[in-house]
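Quick caveat: nothing in here was measured; it's all calculated off a predicted structure.
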Amino acid sequence: MALASRTHPSGTERKPSPSRPPRRTFLGSTVGKKAVMAVSGLILLGYLVAHVMGNLKVFFGPDEFNAYGHWLRTMGAPVLHHGWALWLVRVVLLAAVVAHGVSAYQLTRLDRKARPVRYVHKRRRASYATRTMRWGGVIIALFVVWHLLDLTTLTVNENAQPGHPYENVVATFSTWYGNVIYLVAMLAVGLHIRHGFWSAAQTLGAGSARRDRALKAIANTLALVLTAGFVSVPVAVMTGVVS
């Protein structure tokens with residue numbers, strides 16, 4: 001016995017309604033992930049600006065640089081206990097790094113799902129920095145681990161002196177491998193900033209046909225100044241300017 005099909009009161013057969021796709025939250029969308037990546041990237045950029053300014057104090061001698069290292073652990077006093085402000089900064093930076101990395105990974109996965117079959121002819125990218133953004137991110141992540149082991153925990157710094165940041169910087173850049181690792185990482189940072197700043201501006205709606213040239217100029221200037229500032233420290237140690 002055949003089952004009767006459902007009919008509309010008018011007598012016409014009712015068509016099954018198409019299933020609705022699941023709703024995505026803002027953070028679950030491509031736009032949301034790009035926004036998270038842009039905001040977290042700008043937080044990290046702000047840290048790099050402050051960090052390079054602190055690093056340049058090495059040119060004023062061991063007393064001032066060591067005093068700066070001590071201040072990092074006492075900033076916020078007497079409201080905050082010794083080291084609390086520094087740990088707060090570390091937590092914010094860690095959250096920004098995780099958000100940035102996870103968003104980048106998720107966007108890569110979404111891009112590959114949308115294009116499962118590779119193009120026969122590879123598309124040309126806009127710049128070298130664009131082509132190497134992902135590898136640059138991996139290099140920077142590995143460098144952060146090395147940098148912490150080198151100048152924070154002093155695990156891989158053979159001639160480290162606990163409580164003497166100036167002497168530890170000189171010890172690090174007195175080795176060929178310390179210089180190579182640092183210089184390669186700083187070049188990757190410069191390329192990452194050059195492309196990332198402009199990309200973040202576009203994502204957050206700051207870009208336009210009128211402002212694109214200015215934004216690109218700002219991105220290039222930031223990348224150049226920050227890279228030069230970071231690189232100047234190992235170069236100064238290698239040439240004997242800082243010793």
Side-chain angles (χ1 to χ4, degrees), residues 23-57 88-115 119 121-141 143-144 147 182-233:
R23 291 183 179 181
R24 282 189 176 183
T25 62
F26 175 73
L27 293 179
S29 66
T30 300
V31 174
K33 295 180 190 303
K34 287 183 177 180
V36 170
M37 196 170 179
V39 173
S40 59
L42 291 177
I43 292 173
L44 295 173
L45 177 60
Y47 167 74
L48 288 176
V49 172
H51 191 40
V52 76
M53 292 175 66
N55 283 5
L56 294 177
K57 287 183 177 290
L88 179 61
V89 171
R90 287 169 175 169
V91 169
V92 172
L93 289 175
L94 178 61
V97 168
V98 171
H100 200 71
V102 170
S103 298
Y105 174 75
Q106 292 175 337
L107 286 169
T108 300
R109 291 288 302 272
L110 290 173
D111 181 60
R112 289 178 178 174
K113 284 183 179 180
R115 182 171 45 88
Y119 293 106
H121 301 288
K122 292 183 178 180
R123 294 180 299 174
R124 295 185 62 182
R125 300 284 183 172
S127 66
Y128 179 78
T130 305
R131 293 196 300 270
T132 57
M133 274 297 278
R134 290 169 187 168
W135 281 110
V138 173
I139 292 171
I140 294 169
F143 169 74
V144 168
H147 198 49
Y182 194 86
L183 292 174
V184 170
M186 291 308 102
L187 291 176
V189 167
L191 290 174
H192 213 76
I193 292 171
R194 180 176 178 267
H195 176 76
F197 178 84
W198 185 83
S199 179
Q202 302 301 313
T203 298
L204 298 177
S208 67
R210 182 178 300 177
R211 291 193 291 264
D212 276 356
R213 181 176 296 180
L215 289 171
K216 288 181 179 179
I218 294 172
N220 291 335
T221 301
L222 277 172
L224 181 61
V225 170
L226 288 175
T227 302
F230 282 119
V231 167
S232 67
V233 178

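In this structure, CZ on Phe197 lies 6.0 Å from CG on Leu215, to the nearest 0.5 angstrom. Distance check: Ile140 CD1 to Trp135 CH2 gives 13.5 Å after rounding to the nearest 0.5 Å. Put simply, CG on Leu183 and CZ on Phe230 are 13.0 Å apart, with the number rounded to the nearest 0.5 Å. For the atom pair NE2 of His192 and CG of Leu187, the computed distance is 14.0 Å after rounding to the nearest 0.5 Å. The line from CZ of Arg194 to CD1 of Ile218 is 14.5 Å long, rounded to the nearest 0.5 Å. Atom OG1 of residue Thr221 and atom CG of residue Leu226 lie 10.5 Å apart, to the nearest 0.5 angstrom.
Shortest non-hydrogen contact noted between Gly136 and Ala188 is O-CB, 4.2 Å. Residues Ala219 and Trp198 come closest through the heavy atom pair CB-N, 4.3 Å. Heavy-atom minimum distance, Ser232 versus Leu56: OG-CD2, 3.6 Å.
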Review point. Given Asp212 and Gln202, is the side chain to side chain contact (heavy atoms under 4.5 Å, CB included) satisfied, shown in steps?
Key: CA-CA 9 Å; Asp212 276 356; Gln202 302 301 313; 3.1 Å; yes

Check your understanding: Does the side chain to side chain contact (heavy atoms under 4.5 Å, CB included) test come out yes or no for Val97 and Val144, once each step is laid out?
Key -> CA-CA 10 Å; Val97 168; Val144 168; over 6 Å; no

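A side chain to side chain contact (heavy atoms under 4.5 Å, CB included) with Val189 is found for one member of Thr227, Leu48, Leu44, Val231 and no other, namely Leu48.
Residue pairs meeting the side chain to side chain donor-acceptor pair (under 3.5 Å) criterion with at least one member in residues 31-47, sequence neighbours excluded, are Lys33-Gln106, Ser40-His100.
Using cut-offs of 30° and 60° for the angle between ring planes, the His51 and His147 rings count as perpendicular.
Of the possible donor and acceptor atoms, none in the side chain of Ser199 sits under 3.5 Å from a partner among the backbone N and O of His195.
Proximity of Leu204 to Leu42: side-chain heavy atoms (C-beta onward) are separated by under 4.5 Å at one or more points. For the pair Met37/Leu107, a side-chain contact is recorded, criterion being any heavy-atom separation below 4.5 Å from C-beta on.
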